Protein chains: 2
Amino acid sequence: MESPVPHEPPIYRRIADRLRQAILAGEFRDGDRLPGENALMSEYGIARATARQALAVLINEGVAVPRRGSGVYVRQFRPIRRHGSRRLSREQWGTGRAIWDSDTTGRPYSVDDLTITREAAAGEAARVLDCDEVWVRRRRYSVDGRPVQLAASHFPADLVTGSPITAQDTGPGGVYARLRDLGHAPVHFTEEVRARMPTPEESAKLGLPAGTPVIEVCRSAFAGGGAAVELNKMIMDAASYVLQYDFDA
Amino acid sequence: MESPVPHEPPIYRRIADRLRQAILAGEFRDGDRLPGENALMSEYGIARATARQALAVLINEGVAVPRRGSGVYVRQFRPIRRHGSRRLSREQWGTGRAIWDSDTTGRPYSVDDLTITREAAAGEAARVLDCDEVWVRRRRYSVDGRPVQLAASHFPADLVTGSPITAQDTGPGGVYARLRDLGHAPVHFTEEVRARMPTPEESAKLGLPAGTPVIEVCRSAFAGGGAAVELNKMIMDAASYVLQYDFDA
DNA sequence: CAGTGGTCTAGACCACAGC
DNA sequence: CTGTGGTCTAGACCACTGA
C-alpha cells in the first residue's frame with residue numbers, strides 16, 4: 001500500500017535540494033563558493049554533521065567540489081568532444097599526430113607515463129585478440145594540464161613484435177598507420193561504451209573529485225580478414241567528455 | 001588513541017578498501033550481505049558514524065547497495081547491450097515493435113507512462129530542430145520489471161501534427177516508419193553520449209541506488225535534405241547498459 | 001520482536017588555505 | 001592567526017525488515 005501522505009524529506013536533503021536549485025537558477029555560477037558548513041549550521045540551526053551531509057549530497061552528485069581549508073565550490077565543466085567514427089577514417093592516419101588530434105580541436109594536450117610492455121593476454125584481450133601474448137601501450141592524456149583519459153592498447157604479439165608499435169615513437173599516423181604497413185590495416189571498429197564510478201586507482205590517476213563517473217570505452221579494431229588487431233581500453237573522466245557517433249540509416 | 005602516521009589513509013577508507021578487495025576477490029558475491037554497521041563497529045572498535053562512513057564509500061562507488069532494515073549488499077549487474085548503428089538500419093523500421101526490440105534480445109520489456117504533449121521548443125530542441133513548437137513523446141522503459149531508461153522524443157510540430165506520431169500507438173515500425181510516410185525518412189543519425197550522476201528526479205523515476213551514474217544519449221535524426229526531424233533525449237541507468245557502436249575505417 | 005540502516009545532536013582534534 | 005573542510009566519538013530516536 002502506498003502511504004497517503006508523502007512524508008517530508010529529511011532536513012539535509014531539503015537543504016541540498018535548495019542549494020541545487022539555487023545553482024541551476026544561476027544564483028551560483030561555475031566556480032562560485034557555496035555556503036560552508038558553518039554557514040549552514042547557523043542558517044538552519046543544525047548540527048555540523050547534518051550540514052556536512054547536505055553538502056555531501058551535492059558533492060556525490062558531482063555538482064559541487066570541496067576544497068580543504070577553503071570552501072565548497074560549484075563544479076566547472078568544459079567537455080571535450082570526441083568523434084567516434086569520423087576520427088578513425090583512413091585519412092586521419094596520414095596526419096602527423098595520430099588520432100588524438102581530432103578530439104581536442106586546438107586545445108593543448110599531453111601524454112604522460114607512456115609504458116610499453118609485453119604481457120600474457122588476459123580476460124577480454126585474450127578472447128577478442130585470440131592470442132596468448134600481447135604488447136600493451138599504456139598512457140595518460142591531459143588537456144589544459146588536467147588528466148582526462150587513461151588508455152591501454154593491446155596488440156597481438158605475433159603481429160607487432162619488432163615493429164614501431166613496440167617503440168616509444170610510432171611514427172607519423174600512429175599505430176594504425178603501422179598496422180597498415182604490416183599488412184593488417186584496420187577496416188572495421190567496434191566500440192563498447194559503459195559508465196560507472198571509478199575505482200580508487202582510476203580516481204587517483206585521473207585526479208577525480210567525488211561524484212565523477214568514468215566513461216569506459218572498449219574499442220576493437222578488425223583487419224580485412226575479420227581478425228581483431230587491436231583492443232584499446234579507455235577510461236575517461238566523464239565530466240570532461242562528450243562522445244559523438246555519426247551513422248546512416 | 002594511536003597516533004596515525006601522517007600519510008596513512010583514514011580508518012574508514014582502510015575499511016572500505018578492505019571490503020572492496022574482499023568483493024573483488026570473490027569473498028562476497030553479487031547479492032551477498034556485507035558486514036553491517038554493528039559488525040564493523042565491534043570488529044574495528046570504531047564509532048557508528050565511522051562504520052557508516054566506510055560503507056558510504058562503497059555505496060557511493062556503486063559497489064554496494066543498502067537495504068533499510070536489512071543490511072548492505074553487494075550490487076548486482078545485468079547490462080543490456082544496445083547497438084547504436086545496426087538498430088537504426090532501415091530494415092528495422094518494418095518490424096512490428098519498433099526499435100526497442102533490437103536492444104533487449106528476448107528479455108521482457110515494458111513501456112510506462114507514455115505521455116504525448118505539444119510544447120514550446122526550448123533550448124537544445126529549439127536549436128537542433130529549428131522550430132518553435134514541438135511534439136514530445138515521453139516514456140519510461142523497464143526490463144525485468146526494473147526501470148532502465150527514460151526517453152523524450154521531440155518532433156517539429158509543423159511536421160508531425162495530425163500524424164500517428166502524436167497518437168499513443170504509432171503503428172508498425174514506430175515513429176521512423178511514420179516519418180518516412182510523411183516524406184521525411186531519417187537518413188542520418190548523430191548520437192551524443194555523456195555520463196553524469198543523476199538528478200534527484202531521474203534517480204526517483206529510475207529507482208536508482210546511490211552511486212549509479214546515468215548515461216545520457218542525445219540522438220538527432222536528419223532527413224535527406226539535412227533537416228533534423230527528431231531529437232531524442234535518453235537517460236539510462238548506467239549499470240544496466242552497454243552501448244555498442246560499429247563503424248568502418 | 002530484535003536488528004538493521006536513516007537521521008540527528010554536541011561535542012573533539014586535525015590539516016590545510018589564505019590573510 | 002582564523003576559518004575551512006576532514007575525521008572521529010558517544011550518544012539518541014526513528015522506520016523499516018524479517019523471523
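We name chains A, B, ... by the order of the sequence lines, and we start the count at 1 in each one. The model shown is predicted, which means the values in this text are computed figures rather than measured ones.
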Checklist entry - side-chain contact (heavy atoms from CB on, under 4.5 Å) with B:M236: which of B:L206, B:L243, B:L150? => result B:L243
Checklist entry - Side chains of A:Q149 and A:Y241: do they bring a donor and an acceptor to under 3.5 Å? => result yes
Checklist entry - Side-chain N or O of B:N38 less than 4.0 angstrom from OP1 or OP2 on C:dG3? => result no
Checklist entry - Can you tell me how far C1' of D:dC16 sits from CZ of B:R67, to the nearest Å? => result 13 Å
Checklist entry - Can a side chain N or O of A:T50 be found less than 4.0 Å away from OP1 or OP2 on C:dT7? => result no
Checklist entry - In terms of side-chain heavy atoms, does B:E201 have a donor or acceptor partner in B:T199 at a distance below 3.5 Å? => result no
Checklist entry - Could you give the CG-to-P distance, from B:L40 to D:dT9, as a whole number of Å? => result 12 Å
Item to check | Interatomic distance, B:R33 CZ vs C:dG5 P [rounded to whole Å] | outcome: 6 Å
Next on the checklist: For the OH atom of B:Y141 and the CE atom of B:M234, what is their distance to the nearest 0.5 Å?
Outcome noted: 9.0 Å
With the criterion being N/O to N/O and under 3.5 Å, what pairs connect the protein with nucleotides 12-14 of chain C, and how long is each?
unit_1	atom_1	unit_2	atom_2	d
C:dA12	N6	A:R48	NH1	2.9

Next on the checklist: Measuring from atom CD of A:Q244 to atom CD of B:E191, what distance do you get when rounded to the nearest 0.5 angstrom?
Outcome noted: 10.5 Å
Item to check | First of A:I46 and A:S70 reached from the 5' end of DNA chain C, by closest nucleotide | outcome: A:I46
Next on the checklist: Just to be sure I understand the rule, does B:R13 reach a base, reach only the sugar-phosphate, or reach nothing, if contact means heavy atoms closer than 4.0 Å?
Outcome noted: nothing
Item to check | Spacing between A:R68 atom CZ and D:dG5 atom P, to the nearest angstrom | outcome: 12 Å
Checklist outcome for this item: Partner of A:D112 under salt bridge (charged side-chain N to carboxylate O under 4.0 Å, His left out), picked from A:R139, A:R140, A:K205, is A:R140
Checklist entry - Quick one: on DNA chain D, does A:G71 or A:R52 contact a more 5' nucleotide (nearest heavy atom)? => result A:G71
Checklist entry - Does any non-hydrogen side-chain atom of B:V175 lie less than 4.5 Å from one of B:R137? => result yes
Checklist outcome for this item: Rounded to whole Å, OH of A:Y73 lies from C1' of C:dG18 at a distance of 10 Å
Next on the checklist: What's A:I11 touching, base or sugar-phosphate or nothing? Going by heavy atoms closer than 4.0 Å.
Outcome noted: sugar-phosphate
Checklist entry - What integer distance in Å separates B:Q53:CD from C:dC8:C1'? => result 16 Å
Next on the checklist: Using whole Å, what does the distance between atom P of nucleotide C:dT7 and atom CZ of A:R14 come to?
Outcome noted: 12 Å
Checklist entry - OP1 or OP2 of D:dC8 sitting under 4.0 Å from any side-chain N/O of B:Y12? => result no
Checklist entry - Atom CG of B:L34 to atom P of C:dT4: distance rounded to whole Å? => result 14 Å
